[in-house]
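First the structure, then my questions, so here it is.
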Amino acid sequence: MDVKRRIEELRTDLNRHNHNYYVLNSPEISDKEFDLMLKELERLEKENPEFFDPDSPTQRVGSDLSKGFEHVVHARPMMSLSNTYSIGEVDEWFGRVSKALEGEDFSIAGEMKFDGTSISITYRNGRLVRAVTRGDGTQGDDVTANVRTIRSIPLQLLPGDWPEEFEIRGEILMPWDVFEKLNAERAYNEEPLFANPRNAASGTLKMQNPKEVARRHLDARFYYLLSDNLPFDNHYENMLAAERWGFKVSKAMSLMRTLKEVDDYIAYWDEHRKELPVATDGLVFKVNSLRQQLNLGYTAKSPRWAVAFKFNPERACTPLQFVSFETGRMGIVTPVANLEPVLLSGTVVKRASLHNDDILRELDIHQGDSLYVEKAGEIIPQITGVELSKRMPGAERIEFVKNCSECGTPLVRIFGEAAWCCPNKYGCRPQITGRIEHFCARRMMDIDGIGEETAELLYDCGLVENIGQIYSLTADKLAKLDRIGEKSADRIIKGIEASKNVPFERVVYALSIPNVGETTAKRLARAVGSMENMMGMDVEQLSAIPDIGPIIARNIYDFLREPVNIRNIQDLTDAGVRMSIDEDYMQPTGNSLEGKSIVISGTFAHHSRDEYKDIIVREGGKNVGSISKKTTFVLAGENMGPAKLDKCRSLGIPIVSEDEFLSMLDNN
């Protein structure tokens, strides 16, 4: 077969299968068949570079070349819609439309208001040429390279009656299941969680590496078509046409003619939106006729021919099954409400932390109570109250346990705190396995393959009862375990070997020294230089290290004199793990931030959060986790939380942008 014809045939077939899989959710072939076709196309394109096409399905993975974002002026401003939380106000809008059209018949297109980040994409001759964020409505960022990685957005349209050039608007979304996995990964790596799928999608779209964007599996829904040559004179049929061309359009879109149909539509989706795979925060109603839209016109901020109805925050009442008391890595015991499963904000909620003894008492929870649960910031399930009318007569109040539910050791109250702790640090199973899991995590020793389940398996089988024994694992030992295959065993052994080159400050962090987090571990490692030096220091010497203080110093001193930890450190040293500072890596680059306490918030374009933390330390500054009167300034990227903004304003703390910060360093 002619090579060029085969390449074109493969591209056509792969585009069709991509559309079937990502848009229609009805694949015709298996993943393996698709992968084989894609590999054949990759091979043919590599062997025949003269047939390169930037819109080929093989180019979806993105590249590492993108640097910053160009500002682009919108050909047509992206205006916001007027919002309401009241069905009555929607009805009033309907009445105003009817009055303005002077009795002329009209229909209303109803559709979901997806909770993502707005995008405007331009197509020319059926090909995607530019994608721009909403920005300030007048201009936005050119994020074409990142949008091209989103598989539900067509690079080349399916055959159809599309205009030679048009703009289509929609929302870039992160599906609930992807969001939950991403936040679980971030929580595991002790990174800040995204507040909701909207923030996650927005932050992802502004990343500098399209390959990382592709890894996060963003999705999209489209809701408006603009062109000087549209196929139909009404919004509804234009969106159906866009769907035929390959765009993902909401199946919830509906055409209505009466006020009752509008009210019924609101009532239906207020309940059934919980079943959707992506986040929504309301509904949008638009006058269907484009001529009537033009006649109705605009206010200064929004079109008169459309209105957005916002759903109230989700809250559910569900029966309590039981309260478990769970011991963590550092021995803290946390009460957890185990609930009758309930759907909330797109996910099934079965458990919610009750945090500590004080909150448990404040909520006054009894056996068998029905509890109100909602998602704090749409992430973490939170118990907000008890439905007293459903309390069973004689139900006993739930009291905090006196002994560790894992090892039976009597609990002790942490001085000055609401937390109870199991003091059996080196004999309590969840504390031991938690330390093993923490040691192997990405930001610590980065041993791929040893997560929570594997840490528990290795402990239960007697292979790893403390972190030092990780380095005695072999492929043969792992192969004997039921749940670890040959490939997993090989990955773990390679990860263990690679971990020997992890910088000393990460080794210090990985040890699980009480109150020694990532930033403190870096300062401690720089100050002591080596593990040998640190083990030889007394409490007074440790206290003299900046930001350590007497309590942390005592924790470090006691930790390094515990026989289990001495043995672990010796095992790590014998295995070849780095036990001294890499002078070149931590060498100060300047003193422009000396004496400054800096909070980092948001997502950044030029460097990662970790890189900025290193820059601050190497310039003599101090990373702090929360804003206070002692904060010098906040280094703010995209999506800085509103609570932090408010606190900065109330305390008068300066907010420094990423570019201003880098300029500050350059000037010094």
Side-chain angles (χ1 to χ4, degrees), residues 1-67 121-131 142-160 162 172 175 177-178 181-182 185 204-205 207-220 244-248 448-449 485-495 498:
M1 178 183 286
D2 177 73
V3 173
K4 183 179 180 183
R5 194 172 70 185
R6 177 57 179 162
I7 288 174
E8 291 175 347
E9 179 181 286
L10 284 168
R11 286 171 179 165
T12 300
D13 289 343
L14 286 167
N15 279 330
R16 187 181 75 255
H17 291 309
N18 259 330
H19 179 255
N20 289 341
Y21 187 92
Y22 290 102
V23 179
L24 302 182
N25 292 315
S26 58
E28 297 176 348
I29 61 174
S30 67
D31 291 350
K32 184 177 180 180
E33 290 173 298
F34 182 93
D35 290 339
L36 289 173
M37 291 172 64
L38 188 63
K39 286 181 179 178
E40 182 185 356
L41 179 57
E42 288 173 342
R43 178 179 59 78
L44 291 174
E45 288 179 344
K46 186 176 181 180
E47 293 171 354
N48 302 275
E50 66 272 20
F51 300 134
F52 173 78
D53 185 341
D55 294 333
S56 169
T58 60
Q59 301 304 304
R60 288 281 193 179
V61 296
S63 72
D64 297 322
L65 301 178
S66 179
K67 300 291 181 185
I121 306 181
T122 299
Y123 284 80
R124 193 174 297 128
N125 297 319
R127 287 175 177 253
L128 188 157
V129 295
R130 175 167 276 177
D142 186 334
V143 290
T144 307
N146 287 344
V147 165
R148 291 172 66 86
T149 70
I150 303 173
R151 293 179 180 271
S152 56
I153 297 178
L155 303 178
Q156 169 71 58
L157 300 182
L158 300 175
W162 26 264
I172 303 297
D177 60 342
V178 177
K181 289 176 184 175
L182 176 62
E185 179 183 316
T204 300
L205 200 60
M207 296 179 76
Q208 287 295 301
N209 185 350
K211 282 190 175 180
E212 181 63 19
V213 178
R215 190 184 75 82
R216 291 195 180 178
H217 303 295
L218 294 176
D219 202 351
R244 292 193 298 272
W245 304 340
F247 292 103
K248 210 164 185 176
D448 189 19
E486 185 178 336
K487 287 185 178 179
S488 296
D490 183 59
R491 187 168 77 251
I492 290 170
I493 296 301
K494 286 180 178 177

State the CZ-CG distance between Arg127 and Leu157, to the nearest 0.5 angstrom.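 So the gap between those two atoms works out to 10.0 Å.
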Under 4.0 Å between a side-chain nitrogen and a carboxylate oxygen: does that hold for Glu8 and Arg5?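 Not counted as a salt bridge, because no side-chain N and carboxylate O are separated by less than 4.0 Å.
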Flag the pair Arg6 and Glu40 as a salt bridge only when some basic side-chain nitrogen lies within less than 4.0 angstrom of an acidic carboxylate oxygen.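 A salt bridge is present here (some side-chain N lies under 4.0 Å from a carboxylate O).
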For Asn146 and Leu205, which heavy atoms make the closest approach, and how far apart are they?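 Closest approach of Asn146 to Leu205: ND2-O, 2.8 Å.
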Which residues satisfy the side chain to side chain donor-acceptor pair (under 3.5 Å) test with Asn48, sequence neighbours excluded?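 Asn48: no side chain to side chain donor-acceptor pair (under 3.5 Å) contacts found.
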Show the nearest heavy-atom pair for residues Pro210 and Thr149, with the distance to one decimal.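 Here Pro210 and Thr149 meet closest at O-CG2, 3.6 Å.
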Do side-chain atoms of Asp448 reach the backbone of Gly495 as a donor and acceptor pair under 3.5 angstrom? no
Minimum-distance pair of heavy atoms, taken over all atoms of Arg11 and Phe51: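 Smallest heavy-atom distance, with atoms named: NH2-O, 2.7 Å.
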Quick one: does Ile153's side chain get under 4.5 Å of Ile172's, heavy atoms only?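 Result yes, sub-4.5 Å side-chain heavy-atom pair found.
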State plainly whether the residues Lys46 and Glu42 are in salt-bridge range, i.e. N to O under 4.0 Å.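 Between Glu42 and Lys46 there is no salt bridge, as every charged N stays at least 4.0 Å from the carboxylate O atoms.
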Using 0.5 Å steps for rounding, measure from the CG atom of Asp13 to the CG atom of Leu38.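 Going from CG on Asp13 over to CG on Leu38, the span is 12.5 Å.
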Looking only at heavy atoms, what is the nearest atom pair of Arg244 and Leu158, with distance?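 Nearest heavy atoms, Arg244 then Leu158: O-CD1, 3.6 Å.
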Which heavy-atom pair separates Leu128 from Pro154 by the least distance, and what is that distance?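 The pair with the smallest heavy-atom distance is CD1-O, 3.8 Å.
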For the atom pair CD (Gln156) and CG (Asn15), what is the distance rounded to the nearest 0.5 Å? 7.0 Å
Find the distance between CG (Leu155) and CZ (Arg148) and round it off to the nearest 0.5 Å. 5.0 Å
Between atom CG of Leu10 and atom OG of Ser56, what is the distance when rounded to the nearest 0.5 Å? 9.0 Å
Distance check, rounded to the nearest 0.5 Å: Arg43 atom CZ versus Glu45 atom CD? 11.0 Å
I need the minimum non-hydrogen distance between Ala220 and Ser152, along with the two atoms involved. N-OG, 3.4 Å
For the side chain of Asp490 and the backbone of Glu486, is there at least one donor-acceptor N/O pair under 3.5 Å apart? no
